[in-house]
Amino acid sequence: ETGVTQSPTHLIKTRGQQVTLRCSSQSGHNTVSWYQQALGQGPQFIFQYYREEENGRGNFPPRFSGLQFPNYSSELNVNALELDDSALYLCASSLARSYEQYFGPGTRLTVT
Amino acid sequence: SQQGEEDPQALSIQEGENATMNCSYKTSINNLQWYRQNSGRGLVHLILIRSNEREKHSGRLRVTLDTSKKSSSLLITASRAADTASYFCATVDNRDDKIIFGKGTRLHILP
């Protein structure tokens, strides 16, 4: 059984650019959630995908978008990057209706 | 927005001592979870307590939940150096199932 993986580990982008982060779910998990964690803060819920459909969204603007693929892997896309988007982005997978989430190691995004 | 508020923000104790951290929240919840995070990496799920439960144990962990006070506590007994980490409570809202994390307690175990 493989755990949740994320790529890349680190990323540096310039303000205004676009970024795509990737996540592979734990084997058998059909639900993926994305979180943004600023330094010294707790994770903030961005959105969740279940069976390729968005299944809940936090208080993030539309320039944060996502996809889930048939193999349950997922992407987080952020357009028009702003300096405040610098954070650790965490992906978590779970089984539907199970509240226990399994987190990946995260992608640290720096926007300059 | 962050619902859970952990207290204290930081805690340093000697190895072998017990560590207690608290979490308060604001709305009606389905369940409350505690997670551990080492050095800004991924979170590890520790324990889940449902709204109709009052206490739960897992190894050296003991979690209590008081829904009337909207608070929970996490007790780590006989602390070890490896317990040094940030601990977050996360509530699952009864209305929309969204999981909301607090800001965390940074626990440092002194040798």
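All values below were derived from every heavy atom in this structure, side-chain atoms included, with hydrogens, water molecules and symmetry-related copies excluded. Below, chains carry the letters A, B, ... as their sequence lines are ordered, and counting in each starts from 1.
- Contact detail for A:Glu100 and B:Gln33: the closest heavy-atom pair is CA-OE1, 4.1 Å.
- Atom CG of A:Leu39 sits in a sparse spot, with 12 or fewer heavy atoms from other residues, nucleotides or ligands closer than 6.0 Å.
- Residues A:Gln101 and B:His45 share a closest heavy-atom pair of O-CB, 3.9 Å.
- For A:Arg51, the CZ atom sits in a loose shell: 12 or fewer heavy atoms of surrounding residues, nucleotides or ligands are nearer than 6.0 Å.
- When all heavy atoms of B:Arg41 and A:Leu90 are compared, the closest pair comes out as O-CD2, 4.2 Å.
- Note: A:Leu88 CG to B:Gln37 CD = 6.5 Å, rounded to the nearest 0.5 Å.
- Heavy atoms from other residues, nucleotides or ligands lying under 6.0 Å from CZ of B:Arg106 number 12 at most.
- Here B:Phe101 and A:Tyr35 bring their ring centres to under 6.0 angstrom of each other.
- Note: the hydrophobic cluster containing B:Leu61 also contains B:Ile13 (ILVMFWY, side chain heavy atoms under 4.5 Å, direct or indirect links).
- When the shell of 6.0 Å around CZ of A:Arg15 is examined, it contains 12 or fewer heavy atoms from other residues, nucleotides or ligands.
- Heavy atoms of other residues, nucleotides or ligands lying less than 6.0 angstrom from CD of B:Gln14 number more than 12.
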Quick one: do A:Phe45 and B:Ile100 satisfy side-chain contact (heavy atoms from CB on, under 4.5 Å)? Show the steps, please.
CA-CA 7 Å; A:Phe45 174 71; B:Ile100 302 175; over 6 Å; no
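- Side-chain heavy atoms closer than 4.5 Å link hydrophobic residues (I, L, V, M, F, W, Y) into clusters, and following such links, possibly through other members, connects B:Ile47 to B:Met21.
- One finds the OH atom of A:Tyr99 at 8.0 Å from the CZ atom of B:Arg50 (value rounded to the nearest 0.5 Å).
- Counting only heavy atoms from C-beta outward, the side chains of A:Ser33 and B:Ile99 never approach each other to under 4.5 Å.
- Nearest approach of B:Phe88 to A:Gln37, heavy atoms of both residues: CZ-NE2, 3.5 Å.
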B:Tyr35 vs A:Phe103, test: ring-ring contact (aromatic ring centres under 6.0 Å, His included). Steps then yes/no.
CA-CA 10 Å; B:Tyr35 286 80; A:Phe103 281 81; 5.5 Å; yes
